[in-house]
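Scope of the values below: all heavy atoms of this structure, side chains included, with no hydrogens, waters or symmetry mates. Quick note on labels: first sequence line is chain A, next is B, and so on, each numbered from 1. This is a predicted model, so every value here is computed, not measured.
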Protein chains: 2
Amino acid sequence: MVTADKTPTINDVAKAAGVSKRTVSRVINHSTKVNAQTRERVEEAIRRLNFAPNRQARGLASRRSYLVGLVYDLPTLFIADIQKGILNGLYGSGYELIVHTRHPDDDKVVDDVLQFVSRTKTDGLLLAPPVSEIAELAEALNDIGCFYLQFSSQLSAEPWKQVVTNYLPAITDMTAHLVDHGHRHFGFISGPRDNISSQKRQEAFIQALKQYGLKLPQSLIVEGAFTYDSGMKAAENLLSRPDRPTAIFAGNDEMAFGVMNVADSMGIDIPRDLSVVGFDGTAFANFVIPSLSTIRRQPNAMAQLGASKLIARINEGQDAARAFETMVSPEFVPRESTGPASLERR
Amino acid sequence: MVTADKTPTINDVAKAAGVSKRTVSRVINHSTKVNAQTRERVEEAIRRLNFAPNRQARGLASRRSYLVGLVYDLPTLFIADIQKGILNGLYGSGYELIVHTRHPDDDKVVDDVLQFVSRTKTDGLLLAPPVSEIAELAEALNDIGCFYLQFSSQLSAEPWKQVVTNYLPAITDMTAHLVDHGHRHFGFISGPRDNISSQKRQEAFIQALKQYGLKLPQSLIVEGAFTYDSGMKAAENLLSRPDRPTAIFAGNDEMAFGVMNVADSMGIDIPRDLSVVGFDGTAFANFVIPSLSTIRRQPNAMAQLGASKLIARINEGQDAARAFETMVSPEFVPRESTGPASLERR
DNA sequence: AAATGGATTGCCAGCGGTGGCATCATTCCA
DNA sequence: TGGAATGATGCCACCGCTGGCAATCCATTT
């Protein structure tokens, strides 16, 4: 019932190994200035006593916390996957993950995050989109000397602070797929206007179309809000016009589901009368009928990369972080919601 | 460029307020033994200097960490919502959330969590299902005197350590809904056999049916794995038998999507030929066509309750936690996937 | 007026580590 | 052989805060 023996301290280890606690400290911190035999002796003692250094004391003395923070906005499946990937990347690094999301009461994101950092003393911050795209926040963090890593869609001048998703290849593949199937007339449903990821997706789509000498008229770009309802609204708009597109690319899967629903209730068959493509590639895209062609991101892989990169930067400096990849590329996954363009359009 | 003034310490505040640092400490910790005027003076100084106590130093001295941990298994939308609710509940409490999920390399859950606790020195643990249902883990945590709160489906003898979802009311409503629509012949797709939540759902369903003098024959209970594929398999099984049910209750939404898909490819129309009900009520249930009738849990509310309850227990003891609710009830949300039983059943 | 007692407040040690030296042993070179 | 350079280790203060107790103040009691 009683666990009399409290957790061992560095002193216990020192005594057990017959060295000073300073030496034990050196071993813990992988200092090179320790004799191989001494190190072995200390490590043995650590193992025998099942010693784990006290993070708080370590942090207090060394002015570090051995904590990294994840800042995100909304709880989505994508974020859950990102978080999982981060935990994988952190595994064995000695760092723990502390999470933060904006509280409805806090209107000022920048202040909110700054407070979080000062409260928790995290050694680094992982910024998920769309928080990662806020330029003022990055600036503010730079000012206070806080290490951060953004999961972003826009390459900056400091790539060691980023993991960037390059939309172009996958969107080009997707476009090729549609064009090959005879589509010439496209609609695009964007995310919120000020959302950078959404802008980037749009740009990539336009650029891909250009390669085929095709254009995306402004009138066939409808603003959504990355939500199901907004996808429906946009679809009603796009599908009720006389020159309605034969293929719609939605800025995320959720809006694509909205499109599918509207099409269904308008008697427009997918993929016979309309092809639909989403973006994100969360599991649900595979569950709907017909299954949704989409662009699959790799949250797990990119998060793991990001975590490792941030830790490298914290522990070994900027140059170490530079050695890591920056770009990740999602991939187009064709499924049942895309097919040949119907011959008799309109 | 340089932010010369480092963060203020308790000493700075003490000096500014003209008191000893011990008094400042008392104010921070809401000790009652402080004169009202003194307190005001100190609080003013704290505000003026924008002081926040150093969590590490505080923890080191008081043997607490001001950290609570969330332990979960898989990254799902449900977990993301739970986490969001916890963060809401923790807001303003002075506690931060540190997350942990089982790493594939760790086979022994109990040891893994125990290590996490000893590494991080969390003051409390929030256990999400299915980790929350592991009896050995709860025991082990009790042994080391770790406070925890389980999000569970099974009331224990220590309700101050739990937030329990009571499935019966919603499942009874759902059953009533189906029976009112003429259904008499049901199929049930369970989660993994050893999953306690799944067992509870099954029990509740059986109990609800009993109220109508109806039975759920063992042969119409098919084991799934809470995954889409397993839902499809189970559906193939259920729908290919001569006495196939007119309504299927799936243990979660994801499996229900599998059922819908199989029904579609077998030419079985939902809801005309078959009613389907899911469980979870994540947003996607509303996105499929037809939209899925399901039982909506309230992850946000229950998580917020759980977080507050745990903090109360940590700060004010068991009796304070007793004052909190324990039971939460999900609700049945009828949508398009359920309707009248087809007349000419076989 | 001295004693009593409760309410406030201050002092000092110490939580478990790390940083910056000093120390000591050994090796290398002139 | 002496002296410097190098490697390994130990000593002690200190990181920023809280716990335990002593000290102080003030009102009340006798």
Rounding to a whole Å, what distance do you find between [X]:[atom1] and [N]:[atom2]?
X       : N      : atom1 : atom2 : value
B:Leu60 : C:dG14 : CG    : C1'   : 9 Å
B:Ile10 : D:dT18 : CD1   : C1'   : 8 Å
A:Arg26 : C:dG17 : CZ    : C1'   : 13 Å
A:Lys33 : D:dG7  : NZ    : C1'   : 7 Å
B:Asn35 : C:dG6  : CG    : P     : 18 Å
B:Gln37 : D:dC25 : CD    : P     : 17 Å
A:Arg22 : C:dG20 : CZ    : P     : 9 Å
B:Lys21 : D:dG19 : NZ    : P     : 13 Å

* **B:Ala61 or B:Ala36, whichever maps to the more 5' nucleotide of DNA chain C** =>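 Here B:Ala36 is the residue nearer the 5' end.
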
Between [N] and [X], is there an OP1 or OP2 to side-chain N/O distance shorter than 4.0 Å?
X       : N      : answer
B:Ser62 : D:dG19 : no
B:Asn29 : D:dT18 : yes
B:Thr38 : C:dT9  : yes
A:Arg63 : D:dG16 : yes
B:Ser20 : C:dG10 : yes

* Closest heavy-atom pair and its distance - A:Thr122, A:Gly69 ->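 Shortest heavy-atom contact: CG2-N, 3.7 Å.
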
Between [X] and [Y], is there a donor-acceptor pair closer than 3.5 Å when you use the side chain of the first and the backbone of the second?
X        : Y        : result
B:Lys121 : B:Ser118 : yes
B:Arg313 : B:Ala321 : no
B:Gln56  : A:Arg58  : no
A:Arg41  : A:Ala17  : yes

* Is the shortest heavy-atom distance from the side chain of A:Phe116 to the side chain of A:Leu125 under 4.5 Å? ->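 Yes, side chains in contact.
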
* Could you give the distance from CD1 (A:Ile79) to CG (B:Leu77), rounded to the nearest 0.5 Å? ->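 Interatomic distance, A:Ile79 CD1 to B:Leu77 CG, rounded to 0.5 Å: 11.5 Å.
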
Identify whether any heavy atom of [X] sits under 4.0 Å from a base atom; if not, whether one sits that close to sugar-phosphate; answer base, sugar-phosphate or nothing.
X       : value
B:Val24 : nothing
A:Val34 : sugar-phosphate
B:Arg58 : sugar-phosphate

* Among D:dA8, C:dT18, D:dC15, which is the nearest nucleotide to the side chain of A:Ser25? ->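 When the side chain of A:Ser25 is considered, C:dT18 is the closest of D:dA8, C:dT18, D:dC15.
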
* Asked: Less than 4.0 Å between a side-chain N and a carboxylate O, is that true for A:Lys84 and A:Asp81?
  ->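 Salt bridge flag = no for A:Lys84 with A:Asp81.
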
* Asked: Going by heavy atoms closer than 4.0 Å, what residues in residues 45-57 of chain A are next to DNA chain C?
  ->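 Close to the strand are A:Phe51, A:Pro53, A:Asn54, A:Ala57.
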
